[in-house]
Amino acid sequence: MATSGPASVCSFKDAVGEWTDCTEMLKATTTELATGELCQVSTFSLYDAISALELMDPKMDSGMVNTTQTKKVQIKSHTQALDAGLQVSGFSNSELVHVMDKILSLVASWLHGHTLAQTVFTCLYLHDPTIVQDDILKPYCIGALKVVDIIRELVQRADVYEEEDFQASAQGFYLCEKVPVLASIAELNTQISFLEGTKGDGVISKDTVAAQVCMRLRLMSTLLSLLNTCTSVAHVQKTVKLCRQLHSHVTSIQSSLLDMDSTASSGSIADFQHALENGSPQPFQPFVNSHLLSPTPPREIEILTTTQMLAWLLEESDNISAVCGVGGCNTLRALDEFFLVMDRRSPGLLARSTLVRLVFGGDKILNRHAMPALVQEFLYEFDHPIPLESASLECDEGTKKELLDHYCKLSAALYQTRCRIFCNNSARRRRKLAKFLSKVQTFYVQAHDVNTALHALWSKHDAPLSSATATVIPFATRFAVDTSVWFLLAGFDLQLYARHEFHMIWWYVDYLLGWYNAVASAAFNRIGAAHVVSVEKAVSVASASSSKKNKKSKSKKAQVSSAPKPSLEWHVCEIMRHICKGLLRAMDACKSLNALPQWTPEFNTIEVLYQHRFAPLEVLESPEYVPYARYRQHSIVQDQAGLPAKDLFNMSTKHFDTAIKLCVEVLKSPTQPPTGTKAELQSLSEVARSNMTNVKYAMGLDGPFTLDMKFIPHRCFPVFTFQ
């Protein structure tokens, strides 16, 4: 700390005065602060603190200093390089392969979060493609710029990225915006036809370098066609037709990449003999755009190699191909199922942006479904709202329809927002879900208002009040519970939770899933009861002239046939609940045996951690937020019960065994679950089987042991191992 010196900003070396170590003073002052308390002055904000730090990440500290060209003349522009003898024509096929692979690697590096100045526009040919006099390389360069332009527009419109994920600024560079995409594709196809026609039989051997050039031209043409199709869904085609085109383009790209992968290294040996022999500048200059970036300490970014670029593009094309499956979603359940599948794949930015474009590119979901209609269908499927269906309210049909439409519009807006949130990466999704919970609470309050209006409407006709309670509130509660569980489990994907936090996380997830199953059970019981009543009325009317014996028989058959069955969601939640309980009981047993490492924080407590982890859930009215005191009371009761470790282990194995039986029941049922749910059930079953085996092994250990956890079959529920 400087005791004297000028107040103006200056460098450290030029600072005047004596500097004193203030570490001990700061440590002493922390004793006056409570746990979780922060001291801050108005003249030094969090933004100032972060700005003063260098994160040593080239994505965040984008400065460039030329450390490799100390004695050579630095190239500052493509015109300077052109005057110095930059090669723009007379390329051999080997040199063309090298340049094409390098350009595509630069584009892939840009999509990994770096700036255009540090990636794409380190290639001098891309500063102005008109300087290239080669008939093959020139359209390839224009196509690369069109790819950048289309991706930039697609990602910006989707808005599912952070600053570290994607740099959208063009930084003043020309991206060939005025060149039509179809014209660029046509020029690439012309060069492909020209190369294929150079042989007398019109066929080029795959082993020739000319064939490798042809493959790269075809890849660029297909990539442009793919991206052009992605951006035209709202104006030209229906989504299903678009998905078929995307499948065709992705298949073509994968076919080209599989051939390219075997020849990827052939272009890397091209060393531009012309440039080396004549001393002319290389076409790739890492520091040509250094004037656009801040002069911070040198951190030159790592450009993807050709092999890395191919691997990334193959993976991303697979994800885009999977995204095309959204065209088959015709219900909200199918849409939720699809997002579950995509969440397991963890797609990249380009695939997620394409998904947003497909689902929300038009006025309707998938360009054919109105979201309020999907919500209304799902509402009746989940919890049949009796007052909205009653024949006794025919005189108020207009009011009833108005209330239903209002509620469905509210639900549709909320569902649409959550679907867009699921298109973000894991970190951004969790952060947005935390803020989204306040909107969920607002929706719950609005559902209460609609329910009150329906209650009043029902009371006008002297209907039983018990029936009026089964309206729209359970559906709102289900949505709140579903969102809360997604929020908590997202922390496991990001590895946010420490081992000492697992117990309270699984305990709270079990609590939320209990709410979900209670609401779902009540819902399908009400549906079954309402269906029985309606069937009995229909049978009584139809059998008015029949014998009394036949009427009783038919009524009994109707009751038997309409017995409600638990839904698939109920089974999945029940399985997850038993796994949570099994993990909790096993951890309690290990705690009693001192097999868990002790957590002794200096500036934190479990209560502060609990409040921090579950703070976003405090806004919810249903499910009710559980304060730390209640969780602590549950833990104290568990500890005071004094159950031996063996009994706790036995309880754990019973929960795992129940989870296994439920998984088998669902997987072997005649109606097979969807693909995503089936994969989830198989992972949960594997977790339960492994844990049951390992817990039984721990029960037979005589000496001390330690508990280890491996999140291998499932990302949120680990397999316990005892050593």
Quick test of your reading of the model: are K146 and D149 salt-bridged, counting only N-O distances below 4.0 Å?
yes

Centroid-centroid distance, F492 to Y497, less than 6.0 Å
yes

Does a side-chain heavy-atom distance below 4.5 Å link V160 with S353?
yes

How are the rings of F422 and W486 set to each other: parallel, tilted or perpendicular (split at 30° and 60°)?
tilted

Looking at every heavy atom in both C716 and H714, which two are closest together, and how far apart are they?
N-ND1, 3.0 Å

Look at the aromatic rings of Y631 and Y610 and report parallel, tilted or perpendicular, splitting at 30° and 60°.
parallel

Taking the six-membered ring where the residue is Trp, are the ring centres of F443 and Y407 under 6.0 Å apart?
yes

Q672 side chain to S669 backbone, donor-acceptor under 3.5 Å
yes

Could you check whether F487 and F436 have their ring centres less than 6.0 Å apart?
no

Walk me through whether R333 and E337 qualify under salt bridge (charged side-chain N to carboxylate O under 4.0 Å, His left out).
CA-CA 6 Å; R333 286 187 185 274; E337 170 72 17; over 6 Å; no

Keeping E618 on the side-chain end and Y625 on the backbone end, is there a donor-acceptor pair under 3.5 Å?
no

Salt-bridge criterion met for D165 and R428 (N-O under 4.0 Å)
no

Check against side-chain hydrogen bond (donor to acceptor under 3.5 Å, both in side chains), W507 and Y511
CA-CA 6 Å; W507 183 86; Y511 164 76; over 6 Å; no

Beyond-backbone contact of L617 with Y508, side-chain heavy atoms, under 4.5 angstrom
yes

Quick one: are D318 and R345 in side-chain contact, heavy atoms under 4.5 Å?
yes

Identify whether NZ of Lys or CZ of Arg in R418 sits under 6.0 Å from the centre of the six-membered ring of F479 and within 45° of that ring's axis.
yes

